[in-house]
Amino acid sequence: MKIKFAATTALALASFCAAPASAQSPDTAKAWPMDYQPAKVEAQLAKVKQGVTEGPFKPDWDSLRGFRTPEWFRDAKFGIFIHWGPYSVPAYANEWYSRNMYVPGNKAYEHHVKTYGPQSKFGYKDFIPLFKAEKFDPAAWLKLFDEAGARYVVPVAEHCDGFAMYASDVTRWDASEMGPKRDVVGEIAKAARAQGMHFGLSSHRAEHWWWYHAGRAYDSDVNDPKFAGLYGPAAPTGLPAEKPNNWPDSGQLQNWMPPNKQFLNDWMARTSELIDKYSPELIYFDWWTSAPEFEPLMRDTAAYYYNRSAAKNAPGIIAYKGSQFAEGSALFDMERGKTDALRLTPWQSDTSVSVHSWGYAKDDTYRTPKSLTADLIDIVSKNGNLLLNVGPRADGTIPDEIATVLRGMGAWLKVNGEAIYDTRPFKYFGEGPTLSGQVRVGGQVEESARKGFTTQDIRFTTKGDTLYVLGLERPQDGAVLVKTLYQGTPYLEHPIAGIELLGSGAVKWEQTRKGLAVTLPADTSGGMPYALKLSFRK
């Protein structure tokens, strides 16, 4: 059967992709030619057609609901996301520069003309030779990620800009033939596995359908057929110039152009190529694969990928953040968002160390080790994983601000990691007054609305017979009261035998009718969250 998209999501997508007819001239109201490689695409599609029939999964939602999140992911808890590409050369505002530089009136457009000249003379393609990655050292990256305590890594294999960061057989506009002239994704995969880390990848190719359309309305290099391999098809959709902070709640379906068969075939070829070449243990799809035209491709992709993974006895994961997969057929992801409830199935939250951009941008601001560690605890207590993004510079170095945050989280995990890794949720995720943000459709909350945690915000995790109590904000006087674990609570099956503060030792405690009262020693962590380990008498 076909998945039925939720009405609210379908309306939101329609509103987000709406295009006022008056904004389209006859010349721009159709898809621009793209560099389509029919022989190579057809050969790859033939592999997919055969692969969906070879294995336990069929390309229908009933079969795909047989997906189960592998234990390695449930144990890992913490991964690193990487946004890196030619957009790190201008490093202006955010990774949407490649689109926004072609949108008149946008600050990126104005910055581009002032800094580099008109788009007809210097376009996005001209950043590629400047994207040299001369200091890119994947082993050094993975060493840093290991120091951070991450257990898996997910580079963006292709962002919406259409420049593949891997060695593609379908396009010459890739990092192995241009710019760095290195198979970036392949090198990261090799370094990750050498470090004992799980490897995944992300594709944002679907958005490329409309990405460069604004550049077709005036004299820009988007209109030059020589560069169709990068800019095409530049189809009209009426999307806003900048990425909105909030997904629309409702809207009306207007005149917008859905992706054509050629683009969909190309998307399928590139996606299956990534599966075949790099054997990722996780694939993360960006939001526009929620467009209805992608629905058959989602089923084929999942069946092909799950079957290929099963043949290697290494079950794969597809992470998604829209409504393009039937519930239970893949892993749900919340971009820069969390949930205020314990989810019964595993999920993932992805956010970035940098506040305003996923890719490297000059003068960005950054999160702190404390705030991100508190988020990690909150997410893990609700059966989730944190995928934390970093944006390297164009030369391949990771900014010191990011490295400092990662090492700060890693230092905390070295002491308190047993309360995070390999754990499972408790009967109740925690207590305290602070919500993670304002609730959106489906219970997802927006990170931008997040408030700071208080000393009353407590979270729980379990491992075997051990219960961990994690405080998101440490009280200055050391007095902790865990109301859920009051004397006689139904949440505990056995009496408490002892409590220790990880990294310190045994602490004083008393169980009363008001709750479990614990006295912490003087803080030597600089105000970081704390973790208590509870043991029980049988």
Side-chain angles (χ1 to χ4, degrees), residues 69-85 88 133 135-159 164-168 174-176 180 182-204 271 273-285 305 308-309 312-319 331 333 346 348-353 358-360 376 385-393 396-399 402-403 405-407 409-410 413-414 417 420-422:
T69 306
E71 291 300 294
W72 76 257
F73 182 84
R74 302 195 68 192
D75 292 341
K77 306 303 183 187
F78 181 32
I80 296 294
F81 205 7
I82 306 169
H83 277 67
W84 194 39
S88 63
K135 297 181 180 179
F136 170 47
D137 183 348
W141 282 16
L142 270 295
K143 183 176 183 295
L144 173 62
F145 301 157
D146 182 67
E147 290 175 10
R151 297 286 179 87
Y152 60 107
V153 61
V154 182
V156 174
E158 183 177 344
H159 198 251
M165 294 293 290
Y166 62 99
S168 175
D174 65 24
S176 70
R182 297 170 66 175
D183 181 358
V184 171
V185 167
E187 291 189 37
I188 294 174
K190 182 178 179 180
R193 287 160 177 153
Q195 191 69 48
M197 201 172 292
H198 297 275
F199 173 78
L201 52 80
S202 177
S203 171
H204 304 225
T271 301
E273 178 184 52
L274 288 168
I275 295 169
D276 294 345
K277 285 194 171 187
Y278 303 107
S279 300
E281 295 174 80
L282 181 150
I283 301 176
Y284 177 24
F285 291 129
Y305 175 51
R308 290 294 299 267
S309 300
K312 299 175 183 177
N313 197 30
I317 303 168
I318 293 178
L331 180 87
D333 180 279
Q348 181 175 260
S349 173
D350 63 291
T351 191
S352 186
V353 178
W358 293 85
Y360 172 69
L376 172 64
N385 282 27
L386 172 63
L387 182 62
L388 181 62
N389 178 74
V390 301
R393 296 187 186 92
T397 58
I398 294 176
I402 293 177
V405 170
L406 294 181
R407 291 192 176 101
M409 296 180 71
L413 283 165
K414 285 180 181 178
I420 299 295
Y421 303 123
D422 309 316

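In this chain, residues are counted from 1 in sequence order. Not measured: the values here are computed from a predicted model.
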[atom1] of [X] to [atom2] of [Y]: how many Å apart, nearest 0.5 Å?
{"X": "His198", "Y": "Asp75", "atom1": "NE2", "atom2": "CG", "result": "8.0 Å"}
{"X": "Lys312", "Y": "Glu281", "atom1": "NZ", "atom2": "CD", "result": "10.0 Å"}
{"X": "Ile402", "Y": "Leu144", "atom1": "CD1", "atom2": "CG", "result": "9.5 Å"}

More than 12 heavy atoms of other residues, nucleotides or ligands under 6.0 Å from NZ of Lys190: is that the case?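 Open: at most 12 neighbouring heavy atoms sit under 6.0 Å from NZ of Lys190.
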Using the test side-chain hydrogen bond (donor to acceptor under 3.5 Å, both in side chains), find all partners of [X] that sit at least two apart in sequence or belong to another chain.
{"X": "His204", "value": "Ser202, Asp286"}
{"X": "Tyr360", "value": "none"}
{"X": "Ser168", "value": "Glu273"}

Set out, in order, the CA-CA distance, both residues' side-chain angles and the distance that settles side chain to side chain contact (heavy atoms under 4.5 Å, CB included) for Asp333 and Asp350, then state yes or no. CA-CA 7 Å; Asp333 180 279; Asp350 63 291; 2.2 Å; yes
Tell me, please, which residues at least two apart from [X] pass side chain to side chain contact (heavy atoms under 4.5 Å, CB included).
{"X": "Ser176", "value": "Ala167, Asp174"}
{"X": "Lys135", "value": "Asp395, Thr397"}
{"X": "Pro70", "value": "Trp72, Pro315, Ile317"}
{"X": "Asp137", "value": "Ala139, Ala140"}

Taking all atoms of both residues into account, what is the closest heavy-atom pair of [X] and [Y], and its distance?
{"X": "Pro392", "Y": "Ser88", "result": "O-CB, 3.8 Å"}
{"X": "Leu376", "Y": "Lys77", "result": "CD1-O, 3.9 Å"}
{"X": "Gly391", "Y": "Pro399", "result": "O-CD, 3.7 Å"}
{"X": "Val153", "Y": "Ala192", "result": "CG1-CB, 3.6 Å"}
{"X": "Phe199", "Y": "Arg193", "result": "CD2-NH2, 3.7 Å"}
{"X": "Ala157", "Y": "Val185", "result": "CA-CG2, 3.8 Å"}

For Trp84, which of Trp141, Tyr166, Trp358 qualifies under ring-ring contact (aromatic ring centres under 6.0 Å, His included)?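 Filter result, single survivor: Trp141.
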With side chains defined as the heavy atoms from C-beta onward, is the minimum distance between [X] and [Y] less than 4.5 Å?
{"X": "Leu274", "Y": "Ile283", "result": "no"}
{"X": "Leu282", "Y": "Val154", "result": "yes"}
{"X": "Leu331", "Y": "Thr69", "result": "yes"}

Tyr421 ring center near Phe78 ring center (under 6.0 Å):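 So the answer is no for these two rings.
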Is a side-chain N or O of [X] found less than 3.5 angstrom from the main chain of [Y], in a donor-acceptor match?
{"X": "Asn389", "Y": "His83", "value": "yes"}
{"X": "Asn385", "Y": "Phe73", "value": "yes"}
{"X": "Tyr305", "Y": "Pro280", "value": "yes"}

By salt bridge (charged side-chain N to carboxylate O under 4.0 Å, His left out), which residues pair with [X], not counting sequence neighbours?
{"X": "Glu187", "value": "Arg182"}
{"X": "Asp422", "value": "none"}
{"X": "Arg393", "value": "none"}

Only distances under 3.5 Å count here; give the side-chain donor-acceptor pairs of residues 145-152 to other protein atoms, sequence neighbours excluded, each with its distance to 0.1 Å.
{"from": "Glu147", "atom 1": "OE1", "to": "Arg407", "atom 2": "NE", "distance (Å)": "2.9"}
{"from": "Glu147", "atom 1": "OE2", "to": "Lys143", "atom 2": "NZ", "distance (Å)": "2.7"}
{"from": "Tyr152", "atom 1": "OH", "to": "Gln348", "atom 2": "OE1", "distance (Å)": "2.8"}

Could you pull out all residues at least two apart from Phe285 that satisfy ring-ring contact (aromatic ring centres under 6.0 Å, His included)?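 Phe285: ring-ring contact (aromatic ring centres under 6.0 Å, His included) contacts with Trp267.
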Stepwise side chain to side chain contact (heavy atoms under 4.5 Å, CB included) test for Leu201 and Val156: CA-CA 6 Å; Leu201 52 80; Val156 174; over 6 Å; no
Between Ile80 and Leu387, is a side chain to side chain contact (heavy atoms under 4.5 Å, CB included) present by the stated rule, with each step listed? CA-CA 5 Å; Ile80 296 294; Leu387 182 62; 5.6 Å; no
